[in-house]
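First the proteins, then the strands, lettered A, B, ... as listed; each starts at 1.
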Amino acid sequence: MLRVRFAPSPTGFLHIGSARTFIFNWLYARRNGGTMILRIDDTDIERNTQASLDSIVEGLNWLDLGWDEQYRQSERLALHKQVAEAIFQKGWAYHDFTPAETEEGEKPRLGAAWLFHAGMRELSHEESDRRAAAGEPFVLRYRVPRDIVEDVRFTDGVYGEQSKSTADIEDFALLRSDGTPTYHLASCADDADLRISHIIRGQDHLTNTFKHILIFRAAEVAAPEFAHLPLLVAPDGTKLSKRRHGPVVSVTTYRDAGFLPDAFINFLCLLGWSPKDDREKMSRQDLIDAFSFEGINKSNAVVNFTETDPFDPKAVWLNSQYIHAMPLEELAQKLLPVVCASGFSVDPSKMLAIAPLIQERIKLLGDVVTVADFFLVDELPGYDTAELIPQKGDLATALKVLERAREILAKTEFNHQSLEEALRAEAGRLGIKAGQMFQPIRVAVCGRKNAPPLFETMAVLGRDTCLRRIDQAIQKLQS
RNA sequence: GGCGCUAUCGUCUAACGGUUAGGACGGAGCCCUCUCAAGGCUUAAAUACGGGUUCGAUUCCCGUUAGCGCUACCA
C-alpha cells in the first residue's frame with residue numbers, strides 16, 4: 001500500500017514551497033492509488049502557534065485537494081519516547097550530559113570534535129544510569145559507529161544514488177534534555193508507525209536522510225523510499241523566507257489577489273517538474289496522469305517576483321488562461337464576492353452582463369475592481385477633461401461629438417448593433433473617423449481612454465447612465 | 001571550514017552521444033481593430049569555465065568556479 005505524507009510544522013503561514021510539496025505528494029498518491037496523509041509536525045513547542053496551524057489548514061483547504069488521514073505529532077509523544085527507549089536499550093544511543101551551549105560561545109569545533117562530545121560515548125551503563133537517576137540533564141544521542149567507517153546509502157527517486165560516510169555524520173540528538181523528541185526522531189518514529197512508503201520532501205532534507213536511515217536501522221524497521229524536491233528560491237537565489245521576502249511567499253497572498261486554485265497548482269507544478277512535452281496549461285487530472293519522479297528536475301527553481309510585481313509573470317499568465325476558459329456564469333459568480341469585498345454593490349444579473357466584457361481583460365480576479373469600476377459606481381471618479389478630445393481633433397470636435405451622441409443615444413434602441421450603426425453613420429456625417437467619434441464618448445461614459453468595447457459597454461450601462469455621463473462631460477468641456 | 005547537492009535563453013523548461021539546441025512566460029516588431037485587451041505572425045535571447053573519453057559531446061568522466069542545502073537540545 002502506497003502511503004505518502006505532508007508534514008508541515010506550524011511555525012508560520014503556508015509557504016508556497018510547502019504548498020508545492022503538498023501538491024507533489026498528493027499527485028503521487030492519486031497517480032498510484034495511494035493514501036495522502038497530513039501530519040502536523042509540532043514538536044517545537046517554542047515556535048508553534050495555533051494561528052499558524054489555522055493558516056496552513058486554510059491554505060490547504062483553498063487548494064481543495066484534500067487528504068485521507070490526519071495526525072498531530074504532539075499527540076504521539078509516547079510513541080516517540082518508546083522508540084527512543086528501544087534505540088537506547090539496543091545500544092544505538094547514549095546519554096550525553098554535556099550542558100547545552102550557551103548561545104554566542106559557538107566556536108567552530110575543528111577537526112573531528114564536532115562529531116560528538118568527548119567522553120560521553122564511553123560512559124559506563126552504571127555511571128550513565130546513576131547520573132540520569134540523580135537528575136542530571138542529558139541529551140539522548142545517536143551512537144554513530146566510529147570504529148568502522150561505512151558509507152550510508154540510499155537511492156533517491158529524484159537525485160539517484162546517494163551516499164555519505166559515517167565519518168561525516170555527527171552524533172545527532174534524538175531526545176532533548178527536557179525529554180521531548182527532536183524532529184529527526186519524531187519524524188522517523190511516525191513515518192515507521194504510519195507505514196509511510198514514500199517520503200517526498202524538500203531537498204533541504206537530502207543530507208538529513210542519512211541520519212534518518214540510521215534511525216530506521218536502529219529501530220529495526222525498513223526505511224521508506226525517498227524523493228527530494230528541488231527548492232523554490234527567490235530571484236536572488238536565496239531560499240524563500242517570510243523574513244526576507246515578505247507576504248509574497250504566502251499562499252494566502254495568491255488567493256487574496258484572485259488566483260484560481262487550479263491555476264496556482266498548475267503554476268507550482270511547472271516549477272521543478274515538467275511533463276516532458278510542450279504542455280503548460282494542465283488540469284488536475286492532466287497533472288495526475290503525467291506525474292512521475294522522472295519529470296522532476298534537480299536544480300532549484302526561481303519564483304520570479306519583484307518589489308513592484310509580487311507575482312511570477314507566468315503564474316499570472318496561467319491564471320489568465322484559466323479565466324479566459326471559464327464559463328461566464330462561473331466567472332460572474334467568482335467575481336461577485338471580490339467586488340463586494342471592495343465595497344461595491346452589484347447584483348448577480350448585472351455581474352453576469354459585465355463578465356463577458358472583462359473576461360479577456362483581467363488576469364487575476366482582483367483586477368475586476370480596476371477594470372470594471374465604472375460599471376459599479378453611480379458617479380464616475382474625476383478624469384482629465386483633455387482625454388475627451390480625440391486624436392487630431394480639438395475641443396470643438398469633442399463638444400460636437402458629445403452633443404450629437406446625446407441626441408442619438410436618446411432615441412436609438414439600446415443594443416450593440418443599433419448603437420454602432422447609428423454612431424458610425426454619424427461619424428460619416430461629421431466627416432471624422434470612427435475612432436475620433438468613439439473616443440470622446442468612451443471617456444465620457446467610462447471615465448478613461450482604455451475600456452471594453454464601447455457599444456456592449458453602453459448597452460450594459462443603460463441609456464440613463466450614459467446620457468447622464470455625457471451631459472456631465474459636456475459641462476466639463478464648457479467650463 | 002567540513003560534508004552533500006546543483007549548473008541550457010532574463011525566468012520556467014525540452015533535447016536521456018549525432019537537432020539550424022525546441023517550447024512557454026516576459027521583451028521587441030508587425031497584423032487585426034472603436035481604445036484596451038484577446039488572438040495571429042515575426043524576432044532578439046542559452047548549453048558557466050577548463051580538461052579528458054569518443055568518429056562525434058548540452059548529454060559521460062575529472063577539475064575549477066558559482067549557487068544552494070546540512071553541519072542546533074529548529075523543522
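Contact of T207(A) with C70(B) (side chain to base): no donor-acceptor pair of N or O atoms is detected under 3.5 Å. Counting distance only, with no hydrogens placed and no angle test, the side-chain atoms of D277(A) and the base atoms of A14(B) include no donor-acceptor pair under 3.5 Å.
Here the side chain of S299(A) is nearest to one of U71(B), U13(B), A7(B), namely A7(B). The side chain of D41(A) has A75(B) as its nearest neighbour among A37(B), A75(B), G69(B). The side chain of Q162(A) has C5(B) as its nearest neighbour among C5(B), C12(B), U11(B). Each of U13(B), U11(B), G2(B) was ranked by its minimum atom distance to the side chain of D312(A); first place goes to U11(B). Comparing C5(B), G4(B), A75(B) against the side chain of Q203(A) picks out C5(B) as the nearest. Picking from U35(B), C25(B), A75(B) the nucleotide with the shortest atom distance to the side chain of K314(A) gives C25(B). Distance from the side chain of E280(A) is smallest for G23(B) among the nucleotides C70(B), G23(B), G2(B). In the set A37(B), C34(B), A75(B), the nucleotide with an atom closest to the side chain of L454(A) is C34(B). The side chain of D44(A) has A75(B) as its nearest neighbour among C12(B), C73(B), A75(B). Distances from the side chain of A173(A) to the nucleotides G22(B), C73(B), U71(B) place C73(B) closest.
In this structure, the OH atom of Y159(A) is 7 Å from the C1' atom of C5(B), given to the nearest Å. In this structure, L206(A) places its CG atom 11 Å from P of C70(B), rounding to the nearest Å. Following rounding to the nearest Å, F13(A) (CZ) and A75(B) (P) show an atom-to-atom distance of 20 Å. In this structure, CZ of F311(A) is placed 21 Å from P of U11(B), rounded to the nearest angstrom. For the pair M120(A) CE and C73(B) P, the interatomic distance rounds to 14 Å; values are reported in whole Å. As a whole-Å value, the separation of K298(A) NZ from U58(B) P is 19 Å. Spacing between atom CZ of R442(A) and atom C1' of C36(B) amounts to 8 Å, rounded to whole angstrom units. For W317(A) and G27(B), the CH2 to C1' distance is 16 Å, given to the nearest whole Å.
Residue S165(A) places none of its side-chain N or O atoms closer than 4.0 Å to OP1 or OP2 of C3(B). Look at N297(A) and you'll find a side-chain N or O under 4.0 angstrom from OP1 or OP2 of U13(B). Taking only side-chain nitrogens and oxygens, K164(A) never comes nearer than 4.0 Å to OP1 or OP2 of C5(B). Contact annotation: R424(A) reaches the phosphate of C34(B) (side-chain N/O to OP1 or OP2, under 4.0 Å). At the phosphate of A75(B), neither OP1 nor OP2 sits under 4.0 Å from any side-chain N or O atom of R47(A). In this structure, K276(A) reaches the A15(B) phosphate: one of its side-chain N or O atoms is under 4.0 Å from OP1 or OP2.
Pair assignment for U43(B) gives G27(B), based on Watson-Crick or G-U wobble hydrogen-bonding distances that are each under 3.5 Å. In this structure U33(B) sits in no base pair that meets the Watson-Crick or G-U test at under 3.5 Å. Across all strands shown, U19(B) forms no Watson-Crick or G-U wobble pair with both key distances under 3.5 Å. Of the nucleotides present, U71(B) is the one that pairs with G1(B) by Watson-Crick or G-U wobble criteria, both distances under 3.5 Å. The nucleotide U6(B) finds its pairing partner in A66(B), both defining distances of the Watson-Crick or G-U wobble pair being shorter than 3.5 Å.
On the P atoms, A57(B) is 15 Å away from U20(B), given to the nearest whole Å. The separation of A7(B) from U58(B), taken at their P atoms, amounts to 15 Å, rounded to a whole angstrom. A gap of 15 Å separates the P atoms of A37(B) and C31(B), to the nearest Å. A15(B) and U71(B) are spaced 34 Å apart, taking the P atom of each and rounding to whole Å. Rounded to the nearest Å, the gap between the C1' atom of U43(B) and that of G23(B) is 16 Å. Taking atom C1' in both U47(B) and U42(B), one finds a spacing of 25 Å when rounded to whole Å. To the nearest whole angstrom, the two C1' atoms, one in A14(B) and one in U59(B), are 13 Å apart. When the P atom is compared between A28(B) and C36(B), the two are found 14 Å apart, to the nearest whole Å.
No contact: T11(A) has no heavy atom under 4.0 Å from any strand. Within the 4.0 angstrom heavy-atom criterion, no nucleotide atom of any strand lies near S18(A). Looking at heavy-atom distances under 4.0 Å, P137(A) makes no contact with the nucleic acid at all. Residue N450(A) is in base contact, counting any heavy-atom pair closer than 4.0 Å across all strands shown. Using a 4.0 Å heavy-atom distance criterion, F210(A) is classed as making no nucleic acid contact. Nucleic acid contact class of K239(A) (heavy atoms, under 4.0 Å, all strands): sugar-phosphate only.
For the pair R76(A) and Y71(A), the distance from NZ or CZ to the six-membered ring centre is under 6.0 Å and the angle to the ring normal is within 45 degrees. At least one test fails for K314(A) against the ring of F267(A): distance under 6.0 Å to the centre or angle within 45° of the axis.
Checked by atom type, the side-chain pair T370(A)/D367(A) shows no donor-acceptor distance below 3.5 Å.
Looking at F305(A), F264(A), Y254(A) one by one, the single match for ring pair (Phe, Tyr, Trp, His ring centres under 6.0 Å) with F311(A) turns out to be Y254(A). None of F210(A), W114(A), Y142(A) except one satisfies the ring pair (Phe, Tyr, Trp, His ring centres under 6.0 Å) rule with F172(A); the exception is Y142(A).
Under the 4.5 Å side-chain criterion, counting only non-hydrogen atoms from C-beta, K400(A) is in contact with L430(A).
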- side chain to side chain donor-acceptor pair (under 3.5 Å) between D190(A) and H80(A), worked out: CA-CA 8 Å; D190(A) 282 330; H80(A) 307 150; 2.9 Å; yes
- Hey, mind stepping through E407(A) and R429(A) against salt bridge (charged side-chain N to carboxylate O under 4.0 Å, His left out) and telling me if it holds? CA-CA 14 Å; E407(A) 291 168 25; R429(A) 256 173 261 132; over 6 Å; no
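Residue whose closest nucleotide on RNA chain B sits further toward the 5' end, between G435(A) and L271(A): L271(A). For the pair F438(A) and T180(A), nearest-nucleotide mapping onto RNA chain B gives the more 5' position to F438(A).
Classified by interplanar angle (parallel below 30°, tilted 30° to 60°, perpendicular above 60°), the ring pair F88(A)/H95(A) is parallel.
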